[in-house]
2 protein chains.
Amino acid sequence: MSSWATSSIETPTLAVSTVIFALRPNGDGCLQLATPLVRRIRAPFEGQWALPGGPLNTDEDLATSASHTLRDTTRLEPRYLEQLYAFGSVDRAGGKLAERVVSIVYWALVGADEADRAIQSENVQWFWADELPTLAFDHNQIIEYALGRLRNKIEYSRIAHVFLSETFTLAQLREVYEAVLGRELDPGNFRRMVESTGTVEETGERLAGTRHRPPKLYRATTITAGETK
Amino acid sequence: MSSWATSSIETPTLAVSTVIFALRPNGDGCLQLATPLVRRIRAPFEGQWALPGGPLNTDEDLATSASHTLRDTTRLEPRYLEQLYAFGSVDRAGGKLAERVVSIVYWALVGADEADRAIQSENVQWFWADELPTLAFDHNQIIEYALGRLRNKIEYSRIAHVFLSETFTLAQLREVYEAVLGRELDPGNFRRMVESTGTVEETGERLAGTRHRPPKLYRATTITAGETK
DNA sequence: ATAGAAAAAGTCAGAATGACTCTAAGTAGT
DNA sequence: ACTACTTAGAGTCATTCTGACTTTTTCTAT
């Protein structure tokens with residue numbers, strides 16, 4: 001093994017970035033997966049869109065760093081945050097950067113209400129997750145990977161309600177699943193699944209103002225211990 | 001946001017470590033999960049056992065770094081290697097270290113044959129995964145986390161055969177599952193499961209020299225595309 | 001030959017799943 | 001006030017999946 005007494009400039013820079021997902025209504029009034037991106041204001045990839053992120057602050061934990069950068073750049077405070085993967089290929093800057101950067105990437109979910117409060121500016125914009133432009137670094141692959149994780153995780157865990165506000169109807173919850181998975185679900189079977197897993201409970205209220213039978217309102221059951229896993 | 005023009009000594013050190021699993025026969029002749037650890041030869045935690053690992057080499061990818069460190073310290077060349085998690089709490093050295101270390105941890109599986117070829121010395125030893133001493137840093141928690149991942153992943157993917165040699169009987173494969181999951185499985189149901197998922201194929205050979213009906217030998221079917229996921 | 005042991009195939013009941021039907025309870029239009 | 005329309009919500013049914021179990025086969029050891 002080689003000596004490691006060389007100057008610490010040899011150590012790759014550590015960055016923390018986050019893939020944020022929200023469901024936003026598209027032209028058809030359907031919910032669609034969207035992700036906010038920020039425009040790079042310096043080389044390399046200046047002017048191109050990239051994941052929000054930044055260098056790891058020395059006195060911050062990884063997840064804390066992700067939250068803070070998110071708040072600073074997009075003003076978003078996600079309701080769900082989980083580590084996705086550490087990306088550290090030697091060539092991930094595509095030869096455009098002298099120093100090496102290892103990115104620890106998180107993924108996050110925000111509710112529709114929260115998503116509207118995000119900064120929208122020249123340099124921060126929402127994009128549909130399945131119609132992204134060419135992004136800086138390897139960020140296209142990273143978002144693709146995060147999408148896979150989200151689609152997989154929604155099937156076996158109870159994170160779907162994070163996209164909604166505190167109370168919601170089963171039809172709204174089903175809409176979340178349909179938007180994420182990209183296919184329609186049978187309303188009856190969906191109801192049976194949700195009720196059998198005990199992820200929601202009735203509030204006793206119903207949603208008024210619809211032009212049909214008023215649906216019951218539910219809330220997510222409080223999670224005991226580390227069940228989100 | 002604070003200025004980032006400070007010297008790069010502010011950047012945390014990046015280390016890559018690996019949790020290695022193998023199945024080794026214990027006193028009863030049963031297979032049991034074991035993991036090799038190395039003794040630390042410098043502060044902090046000098047003399048205590050720790051995961052094999054080391055600083056990230058600037059010109060190596062993360063997984064490559066994991067393999068190389070493994071080969072150098074334990075002489076093992078795992079047949080399966082996957083990123084586990086990036087651990088980077090500010091206090092993970094327990095106040096015993098001035099500089100901050102972020103560890104990108106991999107987990108690996110080695111076959112029983114390969115495991116025997118590992119270095120066994122004063123400073124490198126196999127431990128039963130469920131009877132570990134107190135390790136350096138947060139390595140006890142890391143191994144616990146890796147164990148959970150292994151147990152989870154063996155249920156939905158086809159990694160079990162990696163613990164065995166190229167050809168094996170269904171009884172041997174079942175033994176792997178039983179050792180990892182820590183419970184007995186019904187032989188008939190196990191056979192049905194394995195055959196229905198098409199993860200193995202007959203070699204045409206049978207294992208001779210048993211004191212009963214000779215079982216068929218199987219090999220793992222070759223995996224097409226990224227199916228291990 | 002016979003006993004013992006595990007391999008390999010088969011059985012069966014209950015749970016989970018997907019496709020589907022039927023009834024309830026609202027609104028909107030006339 | 002009645003009717004048409006729409007979705008909520010309950011229920012049905014056939015198929016598949018799962019776990020527990022039984023039976024038959026085929027080898028070695030004595």
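For clarity, every value in this text was computed on a predicted model and none was experimentally measured. The basis for the numbers below is simple: all heavy atoms, side chains too, and nothing from hydrogens, waters or symmetry mates.
Between A:M193 atom CE and C:dA16 atom P there is a gap of 14 Å when expressed in whole angstrom units. We find that CZ of B:F190 is positioned 17 Å from C1' of C:dA9, with the value rounded to whole Å. Atom CZ in A:R191 sits roughly 18 Å away from atom P in C:dA19 (whole-Å rounding). A:Y156 has its OH atom 20 Å from the C1' atom of C:dA16, to the nearest Å.
Nucleotides of DNA chain D nearest to A:E195 and B:G188 differ in position, and the one nearer the 5' end is that of A:E195. Residue whose closest nucleotide on DNA chain C sits further toward the 5' end, between B:K216 and A:N189: B:K216.
Scanning for salt bridge (charged side-chain N to carboxylate O under 4.0 Å, His left out) contacts around A:E77 gives an empty result, with sequence neighbours left out. In this structure B:E122 satisfies the side chain to side chain contact (heavy atoms under 4.5 Å, CB included) test together with B:R39, sequence neighbours excluded. Residues satisfying the salt bridge (charged side-chain N to carboxylate O under 4.0 Å, His left out) criterion with B:D113, sequence neighbours excluded, are absent altogether.
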Can you give one letter per nucleotide of nucleotides 21-30 of chain C, 5' to 3': B if a protein heavy atom sits under 4.0 Å from the base, S if only from the sugar-phosphate, - if neither? ---BBBS---
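Pairs of residues two or more places apart, or lying in two chains, that qualify as salt bridge (Lys or Arg N to Asp or Glu O under 4.0 Å) and include a residue from residues 196-211 of chain A are A:E201-A:R219, A:E202-A:K216.
Between the side chains of A:E82 and A:Y80, at least one donor-acceptor pair of N or O atoms lies under 3.5 Å.
Because its NZ or CZ atom is both nearer than 6.0 Å to the ring centre of B:W126 and within 45° of the ring axis, B:R24 counts as a cation-pi partner of that residue.
Within the 6.0 Å centre-distance limit, the rings of B:Y85 and B:Y145 are counted as a close aromatic pair.
Counting distance only, with no hydrogens placed and no angle test, the side-chain atoms of A:R192 and the base atoms of D:dG9 include no donor-acceptor pair under 3.5 Å.
DNA chain C lies under 4.0 Å from no heavy atom of any residue of residues 168-181 of chain A.
In terms of modelled atom types and a separation under 3.5 Å, the side chain of B:D138 and the main chain of B:Q141 share no donor-acceptor contact.
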